[in-house]
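What follows is a set of notes on a single structure, which appears directly below.
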Amino acid sequence: MNIDLASLPTTIDMLHLILAVLVIIFLVLVIKRKPTEQATSVEPIAEQKPEPAPTTAKETPKPAQLKEATPDAALQLLTLLQQDARFIDFIQEDVANYSDADIGAAARVVHEGSKKTLSTYFELTPVRNEDEESRITLNEGFDATEVRLTGNVVGEAPFTGTLVHKGWKVTNTKLPKIAEGHNTSIVASAEVEL
Amino acid sequence: MSDTETNPVEDTNEMTARYSVGIDLGTTHCVLSYLDLEAASDETADAVELAVLPIPQLTQPGVIEEKDQLPSFMYMAHDSELNEGDVTLPWNEKPEDIVGSMARNLGSKTPIRLVSSAKSWLCHSGVDRHSDFLPAGSPEEVSKVSPLDATFEYLDHLTCAWDNKFPDHPLVDQEVTITIPASFDPAARELTAEAASFVGYENLTLLEEPQAAVYNWLHACGDEWRNQVNVGDIILVVDVGGGTTDLSLVAVTEDEGNLTLNRVAVGDHILLGGDNMDLALAYRVKAKLAQEGKELQTWQIQAITHACRDAKEQLLLDNDVTEVPIVVPSRGSKLFGNTLRTELTREEVRETLVEGFFPNVSISDHPRAARRGALTQKGLPYAQDPAVSRHLAAFLSKQADAAEDLNESPAEEDNSMFADPLSGGFGAPEADSAQFIKPTAVLLNGGVLKAPVLADRILSIINQWLTDANAEEARLLTESNLDLAVANGASYYGYVKQGQGVRIRGGLANAYYVGIESAMPAIPGMEPPLEALCIAPFGMEEGTETEASSAEFGLVVGEPVHFRFFGSNTRRHDETGLQLEQWQDDELEELPELQATLSTEGRRAGEVVPVNLSAKVTEVGTLKLEAIAVDSNDENGEPERWQIELDVRD
């Protein structure tokens, strides 16, 4: 990417916005898939390749049961984001050639629409309700998916540390139903005005 | 509709009606609310639970979502527009008609195929409401439906959605209440009942929307309502919906020690609502962009209207937001560069909506233009004066003595001479010379009045009038969730009807008259003077019938005979059979004419049969007029009767 260093600070703001939207999308996708995977307790990223099961096994490693994510739900979400937020249009364009004002105007469309989509189809709540940057204590038996320990991870629970990110949890998903035979891979129809 | 009457199976119906269902058949949205009668009767005392049915509907081709509201739109798709699987519904793989969100979405880009505002057309007497002409003004090859068909489709969709969720309790067997504007004329009520009868509801009642709002309030208050109002209170219901503004007055009286509610007056039919407001904002933004030299295309104006609707909601809240950007992205996949951007400021919204639609006016300041003659109208007769407050002032002035009979205290001044409806009278008579009914409480309803700024403005205008007239300020009765209030109130009404809780007394909100040309020699260039014969008095209750009037009419066998038809929402004391020789201009409003056709069966064509006219208010809530033969009986020895059509088909 060709970034003009002189305009770096503001450009970075715009990019952050894009990144933020992306982070939310992926987070939602990841969290949405979570419940079905809890039993296997592997990393939450859906691993499509057949080999990369648990590495460096000392005992005989058990092959993990990996679930194939159906693309329909993901495509549906993309469709909704494109519809309400012009998400794909936004990401597919090369931002380098446009002024911040242009990008800013478009980013509003994306932000407003994405927000609407998220609030319509998902109920989001923070995982932890404490203030970020405050000290919290985790008792034994906490859910390692809900709370991820980082940094100086030693000793036994209860752990006390700083809440860096409060986390997000989808408490309810109500995606639209899709008619049998509907082609979900068309995330935006071409439009022809007569 | 006569069909609903041909079902005398009362007892079995009571058995099967497990739910009371309220349907808000709105101009822009339909909502269905329900109440489990069985559960409600079990716990008797405590809160009665109301629920809103999530309505599965297509939002995009092939995509089905459940929403609380079903947009009242219908889309007449072109054959090559959609694939086969694209219109599937949970209960029907290949529905013929598209209604709801997808209809509205597709129609926003192809308006020539969109049927909208069917409800307003239903109340438009200038057109034949049974004929297929919607979408209005679209090319010939687009298939057309009548307002009646469209209404049927919305009801049918709701019914299918219900039956899909409660297969053991089909909606047609439940206690169904459909709401209509209080200002609907008898023909529009009849047509609504007719559309419902096509669906086949066994137990149908029509309920006026402002009354439904009051029922919703009663439900929300529980027993507490008795502490919130007192004998002598007059509750003004202001309902500003998406397409119409509906006004009603409810008086609180006492009957054998119990508080009772009486709906004493309803307003005229005003086609003015939230949609006008969004459009007004969009045109304001358009003008602003035009000043910057940007010309807009139709699709951009539409997009702006959408954006304005969202922006309006933010700006009308009590917050610190001073401006909201309005962004219209390009239609193509290139999002950057072509995006149109401007702002809508709080000041602009205030000016356009608060001052434009709710200006501070005096009580004697009434709508600027007279209502246009409906019969010459091709489009919908939208209100010409957008100021809700002026319509409100006109209503309160016109109904100055609405509660006179109910409250023991007689009105202080002589009645019948209302404030002069001066057009645009800025230097109009002072408020103390203007007479108007003084509401003591105000109940607001409709999505528009969710905005606190607008609600406050209405209340402050009313209170200004009251203060000027040395009356006490009215208090606001608070209600929750204005979008769903009407449907909720309607389903609660179904429960009240079974003898639980307080029922609003209503009856006809108009007295009805037929016109009689008085016998006098014809004078060129002058219409013969007209007299009005009262055939149904004000306040006539459901399930009652009037005695046949003594005036005789001659009906010609085999030929349609027309009557001129009038309604008055102010003449409360006219009894059946009263013949009016003169009346004030705004007292009687001409309604679409009536028609009676006597079949030639058993008679010679051209023969004249003398008849009396009789009126009946059905249990459903519609008006029925009958011609009763004076001197001939049918085989059972009863006088012969013929139905008189309220909705004349030209």
Side-chain angles (χ1 to χ4, degrees), chain A residues 14 18 72-73 75-80 82-113 115-117 119-121 173-194, chain B residues 54 56-68 78 80-90 92-95 101-102 105-106 109-110 112-113 139 164 297-299 303 306-307 310-311 313-314 324-343:
Chain A
M14 286 328 303
I18 301 164
D72 274 353
L75 290 172
Q76 189 187 20
L77 187 59
L78 276 182
T79 310
L80 292 171
Q82 165 65 13
Q83 236 168 53
D84 294 339
R86 307 288 299 271
F87 180 70
I88 299 172
D89 292 342
F90 185 73
I91 302 301
Q92 288 296 82
E93 276 211 76
D94 184 2
V95 275
N97 303 326
Y98 294 97
S99 71
D100 284 358
D102 282 344
I103 300 172
R108 283 194 187 281
V109 176
V110 179
H111 180 258
E112 250 165 56
K115 190 169 179 167
K116 214 164 151 185
T117 308
S119 62
T120 311
Y121 302 108
T173 314
K174 36 184 180 184
L175 283 170
K177 298 195 178 75
I178 309 172
E180 194 68 44
H182 178 70
N183 186 357
T184 46
S185 63
I186 306 296
V187 290
S189 304
E191 204 176 306
V192 180
E193 194 177 49
L194 304 183
Chain B
Q57 55 193 289
L58 288 156
T59 50
Q60 295 290 332
V63 179
I64 296 150
E65 268 182 69
E66 293 191 341
K67 290 173 180 277
D68 285 350
H78 188 274
S80 44
E81 210 171 341
L82 295 164
N83 287 329
E84 232 174 56
D86 285 348
V87 291
T88 304
L89 285 169
N92 188 350
E93 235 174 75
K94 278 182 208 154
S101 298
M102 182 162 91
N105 291 344
L106 292 175
K109 289 181 178 171
T110 312
I112 55 165
R113 291 182 175 271
N164 194 48
Q297 286 171 296
T298 325
W299 66 268
H306 273 281
D310 294 342
E313 274 159 26
Q314 280 188 51
V324 172
I326 301 286
V327 179
V328 179
S330 74
R331 286 199 291 184
S333 68
K334 295 258 171 292
L335 200 51
F336 297 137
N338 303 321
T339 299
L340 201 67
R341 185 190 186 285
T342 181
E343 293 94 28

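Sequence lines set the chain letters: A, B, ... in the order given, protein chains first and strands last, and positions in each chain run from 1.
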Check: Taking all non-hydrogen atoms of both residues, which atom of A/Ala105 and which atom of B/Arg341 are closest, and how far apart?
Finding: CB-CD, 3.9 Å
Margin query: I need the A/Thr120 OG1 to B/Glu65 CD distance, nearest 0.5 Å.
Written below: 7.5 Å
Margin query: What part of B/Lys109 gets within 4.5 angstrom of chain A, counting heavy atoms only: side chain, backbone, both, or neither?
Written below: side chain
Check: Considering all heavy atoms of both residues, which atom of A/His182 and which atom of B/Gly62 are nearest to each other, and what is their separation?
Finding: ND1-CA, 3.7 Å
Notebook entry, point to check: For the atom pair CD (A/Gln83) and CG (B/Asn105), what is the distance rounded to the nearest 0.5 Å?
Noted result: 7.5 Å
Checklist line | Choice from B/Pro325, B/Pro90, B/Pro56, B/Ala307 maximising heavy atom contacts with chain A below 4.5 Å | finding: B/Pro325
Item checked: Nearest atoms (heavy-atom pairs only) where A/Ala179 meets B/Gly85 -> CB-O, 3.5 Å
Note to self: Side chains of B/Val63 and A/Pro176, heavy atoms from C-beta outward: is any pair under 4.5 Å?
What the structure shows: yes
Item checked: From A/Asp94 atom CG to B/Lys334 atom NZ, the distance as rounded to the nearest 0.5 Å -> 9.5 Å
Margin query: To the nearest 0.5 Å, what is the distance between CG on A/Leu194 and CD1 on B/Ile112?
Written below: 9.0 Å
Notebook entry, point to check: What part of B/Glu93 gets closer than 4.5 Å to chain A, counting heavy atoms only: side chain, backbone, both or neither?
Noted result: neither
Next item on the list: Tell me, with the steps shown, if A/Glu112 and B/Val327 meet side chain to side chain contact (heavy atoms under 4.5 Å, CB included).
Entry: CA-CA 10 Å; A/Glu112 250 165 56; B/Val327 179; over 6 Å; no
Check: Can you say whether B/Asn83 sits under 4.5 Å from chain A via the side chain, the backbone, both, or neither, judging by heavy atoms?
Finding: neither
Notebook entry, point to check: Side chain, backbone, both or neither: which part of B/Thr88 has an atom under 4.5 Å from a heavy atom of chain A?
Noted result: side chain
Margin query: Can you tell me which of A/Lys177, A/Glu180, A/Lys116, A/Gln76 forms the most heavy-atom pairs within a distance under 4.5 Å of chain B?
Written below: A/Lys177
Checklist line | Gap between atom CD of A/Glu193 and atom CZ of B/Arg331 - 0.5 Å precision | finding: 4.0 Å
Note to self: Heavy-atom cut-off 4.5 Å, strictly under: side chain, backbone, both or neither for B/Ser330 against chain A?
What the structure shows: both
Next item on the list: Could you look at B/Gln60 and say if it's the side chain, the backbone, both or neither that has a heavy atom under 4.5 Å from chain A?
Entry: side chain
Notebook entry, point to check: Quick one: does B/Glu66's side chain get under 4.5 Å of A/Lys174's, heavy atoms only?
Noted result: no
Check: In Å and rounded to the nearest 0.5 Å, what is the OH to CG distance from A/Tyr98 to B/Leu335?
Finding: 9.5 Å
